[in-house]
Amino acid sequence: MSLTARTIRNVLSGPGLLLAGSAVLLFLLTFVLWPLVTAAATPSLQVWQDVLAGSRWRQVAFSTLWLTALSTTSAITLGLVFALAVTKLRVPGWRYFAWVPLLGLFSPPFVGALAIILLFGRNGLITSQLLGLDVSLYGWHGVWFSQTLSFFPLAYMVLVGVLRRVPSSLEQAASGYGSGSLAVLRHVTLPLARPGILAATLFVSLGVLSDFGTPMILGGRFRVLATEAYNRVTGWGDLQGGAVLGFLLLVPALIIYFVQARFAAADRFATVGGRGSFDAPLRTSGWGRGLVTGLCGAVTLVLVAKLGAILVGGFATVWGFDYTPTLSHLNWLTTRSADLINTMQYALLAAVLGTVVSLFAAFLVHAVRVRGRGALDLLTLLPAAVPGTLLGIAFVLTFNTGPLKLTGTAAIIIITMTVGALPTAYRICAAALQQVNRSLFEAASNLGAGWLAILRDLAVPLLRGPAGSAATLLFIHSIGTLSAVIFVVAPGRNLASVSILNLAEEGYWGGAAAIATVLMVLAGLVLLLARLLLGRNFRPFESL
Amino acid sequence: MTTPASAVELRGVSKSYGAVQAVRDLSLVVPEGSFTTLLGPSGCGKTTALRMVAGFIDPDRGDVLIGGKSQLGVPSFRRRAAMVFQDFALFPHMTVATNIGYGLRHRRMSAGVRSARVAEVLAFLQLEAQSGRHPHELSGGQQQRVALGRALAVRPEVLLMDEPLSNLDAKLRVRLRAELRSVQRELGLSTVHVTHDQEEALAISDQVAVMSEGAIRQVGPPRELYERPADRFVADVMGETNYLEPDAVEREGDATFVWLDGQRLVVRDATDGATAHAVLLVRPEWFSLTPCQGATLPVSYLGSEYRGASEFHSFRLPGGEPVGVESGPGSSLNMQAGAAASIHLGHGRALLTLR
Amino acid sequence: MKTRSLRSTLSTLLAFLVLATAGLVSAQAGPVIYAIINEQDAQALADLFEEQTGMKPTLLRGSTGEIIARVLAEQANPQADVVLGGPSTLHITLAQEGALEPHELPAGLSLPEGSFDSDGLWTGFHTTALGVGVNLNRYASRYGDRPMPETWEDLLDPVFAGEIVVTDPLASSTAYLFVQVQLQRLGWEAGWDYLSRLVPLVGQFPSSGSAPTQLVSQGEYTLGVSYIHALARNVEAGLPIAIIVPPDTGGEIGAVSVIGGGPNPDAAHAFVDFILGADAQQLFTDRSLTSPLNPDVVLPSGTVSAEDISLIDFDPDVAAEQREAVLEQWGQLID
């Protein structure tokens with residue numbers, strides 16, 4: 001039988017899988033590829049020229065780049081220090097410090113920006129009330145400060161997993177040769193952790209590039225591309241111009257993405273040995289440890305204060321002026337209850353949809369190894385390089401008219417949420433599948449199971465933990481997502497995150513804080529639920 | 001023509017991966033009910049050949065037949081060949097009973113028949129006590145039996161085994177290989193077995209195929225391969241061996257003689273008449289420390305290894321080549337390293353073979 | 001992990017999912033309204049409308065720029081029925097783009113000249129005027145006894161650098177009005193000169209019109225350009241704010257209009273009638289402290305009396321025509 005005939009017969013022998021595979025492919029083509037192509041193609045050459053000819057975008061693009069570099073560097077550094085403190089240095093209190101960055105998961109970056117104003121703004125609790133300073137955080141420095149604090153937890157989560165895998169036997173060997181702990185870090189630990197550091201850099205920098213809410217709230221007159229694109233669309237009504245600006249964001253994103261991919265492929269050694277065992281912490285000088293501990297402690301205080309500010313902000317009459325407790329801001333919860341319910345509903349559906357798509361796609365790529373799996377892999381990971389603003393604009397351009405009209409529906413919001421977090425969910429499922437011994441699939445096939453049966457009997461049961469982690473992350477991402485969905489919400493189909501931004505912008509901080517508190521509590525509950533249900537299997541950041 | 005008595009047949013199969021040719025024009029017949037082993041070093045293509053029978057790999061050329069029927073284009077889940085994997089590949093989230101019964105789920109049978117069959121297999125392999133446990137709770141030997149049971153439960157036409165014992169420790173290996181063999185004999189199940197351990201191959205196979213670089217060098221019963229290897233490679237794979245360069249080779253009718261150190265020695269001949277590339281193959285146990293009819297070689301003593309059931313002595317020939325001699329228990333030599341000694345080679349023991 | 005508890009958890013999740021999706025299928029009754037006025041006020045009006053008619057409106061609040069963008073983007077397939085609030089300039093622009101449909105004035109309602117469109121495409125229901133809000137505490141701590149600014153020109157004092165907040169005219173009608181007031185008050189050249197001297201002193205340009213009011217109230221900034229009624233409301237609430245009404249300030253007519261081709265035209269017209277009626281206007285005035293156009297409405301305390309405001313002769317048509325050009329020039333100014 002010829003190769004083609006054989007292939008066709010093999011493929012057709014799993015009709016259920018073929019159907020599922022086509023559905024996944026169709027979903028990805030329709031909601032990832034098509035919008036991007038449309039967004040690139042719709043603005044006519046004239047529009048591209050007009051926008052790019054203006055001097056304004058150059059300044060803004062430059063600002064975006066150096067701010068991204070700055071925020072990424074500081075977030076990674078802070079995350080690294082924290083991760084080292086917890087894994088290798090074991091500073092006093094490391095058990096508590098290990099949980100602190102998780103607090104960062106509870107609220108999206110723009111809520112963090114709000115908290116920063118409440119604490120450190122002109123009328124901030126710490127700067128103004130306690131210290132009597134008159135400090136204005138509006139501007140690039142405020143954005144930098146807020147983004148560092150908002151993104152270092154993500155860096156931490158990735159790095160802590162990577163550092164844990166560096167076996168301490170290597171470090172002990174190095175220090176046995178007389179290296180001080182700093183040298184050990186420089187020559188052994190960090191080089192081995194390089195792929196993880198690169199990965200963390202990728203995630204953080206993409207997050208910062210896409211961060212729309214923080215510059216909106218704290219930027220003052222400092223403009224970045226994300227806000228510029230937004231203003232172009234909402235202020236000028238110029239959707240196409242906004243798309244062009246959004247594409248400018250894509251350039252650094254893609255560069256960072258490919259750099260990371262290239263370096264990550266070259267570094268395979270850090271994962272040899274699996275879970276490195278931990279023996280004893282690195283020896284450090286007394287005041288070195290003290291310094292690190294102090295830094296971790298200070299950061300912890302700020303993170304806790306941020307959460308606290310949001311919690312309290314919802315109950316203070318007028319923050320910065322009148323702290324009498326009040327329940328009046330809770331009225332906003334009632335008026336915006338529809339937004340909150342929408343957020344919960346849509347995020348739940350997005351989590352389910354995203355997990356199913358990720359699981360199927362990962363299965364097709366890593367278990368079945370279909371032909372063209374490279375393309376499938378790329379499609380699923382592509383949204384990671386696309387900043388939220390561009391995604392939102394692309395969706396509006398594509399689905400406002402034409403064969404698939406989705407504007408104003410809940411579906412487009414759910415799909416936007418799903419696509420935004422799809423790469424993360426897919427990565428988790430793919431990594432987990434790669435760790436499943438391939439001979440298990442072969443054994444099942446040998447015993448008579450077709451691919452669909454293998455999916456049902458092996459992949460799904462074995463991937464319960466990762467799928468649960470993926471769903472949890474999808475949900476938490478979806479309730480806080482802003483930059484993409486702000487373009488696709490509609491009357492009656494608004495989201496809590498958009499509400500928070502609107503209220504914060506208008507200066508109704510009490511209301512913004514109240515709604516943000518609800519989101520935080522929701523995120524916390526979901527994380528708790530995931531931890532309870534999945535137990536030790538809930539390790540969402542290890543495989544990133 | 002295929003005879004119905006062949007359980008598995010590979011006909012001129014070839015498989016390349018890019019520039020590397022894993023299997024080259026390989027042909028092998030596995031008779032019905034036999035235990036056939038593919039033996040060779042890693043990279044020789046034995047696993048590739050096995051996986052072609054299983055259906056995980058499609059050959060570039062040639063045919064694969066099971067029970068006389070071509071399997072080309074038949075996906076693995078439709079073939080009647082069940083495999084026991086090197087790492088057992090037990091489904092970690094299923095119990096022993098569920099693991100064993102897994103293959104039966106894909107065949108049309110009622111739940112009652114299925115559980116009866118599982119119970120049968122459990123009893124047969126003495127795993128009843130473990131039926132509710134999960135793989136990680138079992139010992140290595142138990143896991144191996146579950147893997148075997150899972151393959152047996154589906155009543156395959158052919159049993160395939162990919163180095164099933166290499167994940168176990170030495171003593172367990174010896175014990176389990178006997179069990180495997182007795183199970184196979186009892187069921188009369190045609191088996192294709194892959195290993196790199198020649199002792200295992202010798203002990204339990206009906207026929208052994210020695211492979212290197214994608215091709216079969218020699219196939220036959222273990223004894224034949226051990227005592228009359230076709231060339232140096234097969235000889236080395238089958239066991240320890242010494243090679244002596246004969247001064248001359250003489251043939252008189254059916255008998256073959258070599259001249260060694262001025263002595264004329266009767267030898268067995270596996271060269272089919274060639275003399276130019278012949279070398280004399282002597283297994284360590286074919287030498288004798290006590291004088292006998294044949295040739296005597298002066299050697300200098302290097303040292304001895306005590307092996308419990310036997311002793312292994314190392315000597316050096318006048319030309320400088322090392323030679324190993326195995327003798328029975330209690331034959332220790334009390335000699336200094338470098339001392340002169342003599343070893344004896346009886347008529348008709350050594351084998352003249354190709355390089 | 002016990003299978004049973006997992007199963008029950010999954011089934012609970014599934015049940016919730018089903019309920020969640022059920023909510024998606026529910027139809028939307030009543031008019032869909034894009035509101036530019038304060039959200040809480042809009043909600044109050046919506047509630048009153050529902051009480052009176054039984055139709056439940058759906059609200060989406062946005063700034064002027066957002067709403068213009070939305071209505072124009074959706075013109076081929078409108079998602080909403082009514083634009084509530086926003087200056088007449090905005091409605092004129094929309095009418096010129098053909099996005100609106102005419103509404104017949106309710107019988108017996110007489111509105112002053114210029115406060116409604118002759119073709120019925122938009123109708124005014126309140127008036128507003130621009131002023132400057134001052135946070136008294138912050139002003140005192142920074143400037144002590146220094147006399148407070150009284151005119152627009154007084155704002156150009158360099159000591160106020162970074163302490164002024166003005167909305168972005170791209171996004172907000174308040175700020176666009178402010179820019180237009182300067183241009184129409186001083187003339188094109190002098191007006192841009194004024195603005196170019198003011199811009200370096202501004203701390204930030206938020207997108208929402210109500211932001212300066214809030215930010216000044218919160219004490220984030222000392223001076224904010226805002227509608228007088230919005231400031232008056234916060235003064236009534238007890239916040240430490242003083243309202244400056246510069247001479248030659250500008251005012252606008254807040255209007256309401258029906259979007260052409262919207263999903264619920266009958267409900268839309270019913271809503272507009274409601275807005276123009278005395279009940280709605282009274283409610284709105286009481287809450288917003290704007291000046292109503294319906295003569296049957298009683299002015300509440302706290303409203304700045306019309307005598308205290310000196311308005312320039314503001315031409316909304318010019319404002320509408322110039323919008324593109326002005327925003328273009330503003331963009332260059334900001335760079």
Side-chain angles (χ1 to χ4, degrees), chain A residues 54-56 59 117 121-123 128 134 136 138-139 216 219-221 223 231 233-239 318-322 331-332 335 338 341-342 344-346 348-349 352 396 400-401 405 407-411 464 489-492 494 502-503 505-509 529 533-535 537, chain C residues 1 5-6 9 13 16-17 20-21 23-24 28 32-34 39-40 43 58-63 65-66 68-70 72-74 76-77 79-80 137-138 141-142 162 168 170-171 202-215 217-221 239-240 327 331-332 334-335:
Chain A
S55 58
R56 194 180 168 113
Q59 171 66 29
I117 294 188
R122 290 162 163 237
N123 242 14
S128 173
D134 187 17
S136 172
Y138 294 108
M216 276 295 252
R221 294 184 57 172
R223 291 275 160 104
N231 281 325
V233 172
T234 53
W236 289 90
D238 182 7
L239 209 54
V318 180
W319 184 278
F321 173 67
D322 178 6
N331 282 334
W332 287 107
T335 41
I341 293 178
N342 282 344
M344 283 194 274
Q345 275 184 353
Y346 300 166
L348 187 61
L349 289 169
V352 170
V396 175
N400 229 4
T401 51
K405 222 182 316 200
T407 2
T409 60
R464 252 202 320 248
V489 291
N494 202 6
N502 284 339
L503 289 176
E505 268 216 293
E506 292 171 29
Y508 292 114
W509 288 334
L529 192 69
L533 279 181
L534 301 171
N537 282 327
Chain C
M1 256 249 38
S5 63
L6 175 69
T9 317
L13 264 172
F16 185 53
L17 255 175
T21 26
L24 288 174
Q28 302 198 45
V32 178
I33 300 173
Y34 284 153
E39 171 147 7
Q40 288 174 318
Q43 190 62 52
T58 313
L59 279 179
L60 183 73
R61 199 229 162 251
S63 64
E66 273 171 26
I68 289 191
R70 255 193 206 273
L72 291 177
E74 290 168 4
N77 183 20
Q79 301 288 312
N137 292 349
R138 199 174 170 86
S141 73
R142 289 183 82 84
D168 185 346
L170 256 171
V202 176
Q204 64 164 311
F205 296 98
S207 313
S208 161
S210 44
T213 314
Q214 285 305 113
L215 290 171
S217 307
Q218 301 271 16
E220 287 288 308
Y221 291 92
L239 292 166
L327 291 178
Q332 287 171 4
I334 295 291
D335 275 345

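All heavy atoms count here, side chains included; hydrogens, waters and symmetry mates do not.
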*What's the verdict on side-chain contact (heavy atoms from CB on, under 4.5 Å) for A:Ile341 and A:Tyr346, showing C-alpha distance, side-chain angles and the deciding distance?*
CA-CA 8 Å; A:Ile341 293 178; A:Tyr346 300 166; over 6 Å; no
*Name the option with the most non-hydrogen atom pairs under 4.5 Å to chain C; the candidates are A:Val489, A:Asn342, A:Thr409.*
A:Val489
*Between A:Val396 and chain C, which part of the residue has a heavy atom less than 4.5 Å away: side chain, backbone, both or neither?*
neither
*Between C:Leu60, C:Ile33, C:Leu72, C:Val202, which has the largest tally of heavy atom pairs under 4.5 Å with chain A?*
C:Leu60
_Closest heavy-atom pair and its distance - C:Phe205, C:Asp168_ = O-CB, 3.8 Å
*Atom group of C:Glu220 that falls short of 4.5 Å from chain A, counting heavy atoms*: both
*Assess whether side-chain contact (heavy atoms from CB on, under 4.5 Å) is satisfied between C:Tyr34 and C:Gln79, documenting all intermediate values.*
CA-CA 10 Å; C:Tyr34 284 153; C:Gln79 301 288 312; 4.0 Å; yes
*Side chain from CB out, backbone as N, CA, C, O: work out which of these in A:Trp332 comes under 4.5 Å of a heavy atom of chain C, or both, or neither.*
side chain
*Does a donor on one side chain sit under 3.5 Å from an acceptor on the other, for C:Tyr221 and C:Gln204?*
yes
*Given a strict heavy-atom distance threshold of 4.5 Å, which part of C:Arg61 is in contact with chain A: side chain, backbone, both, or neither?*
both
*Is there side-chain contact between A:Ile117 and A:Trp509, with heavy atoms separated by less than 4.5 Å?*
yes
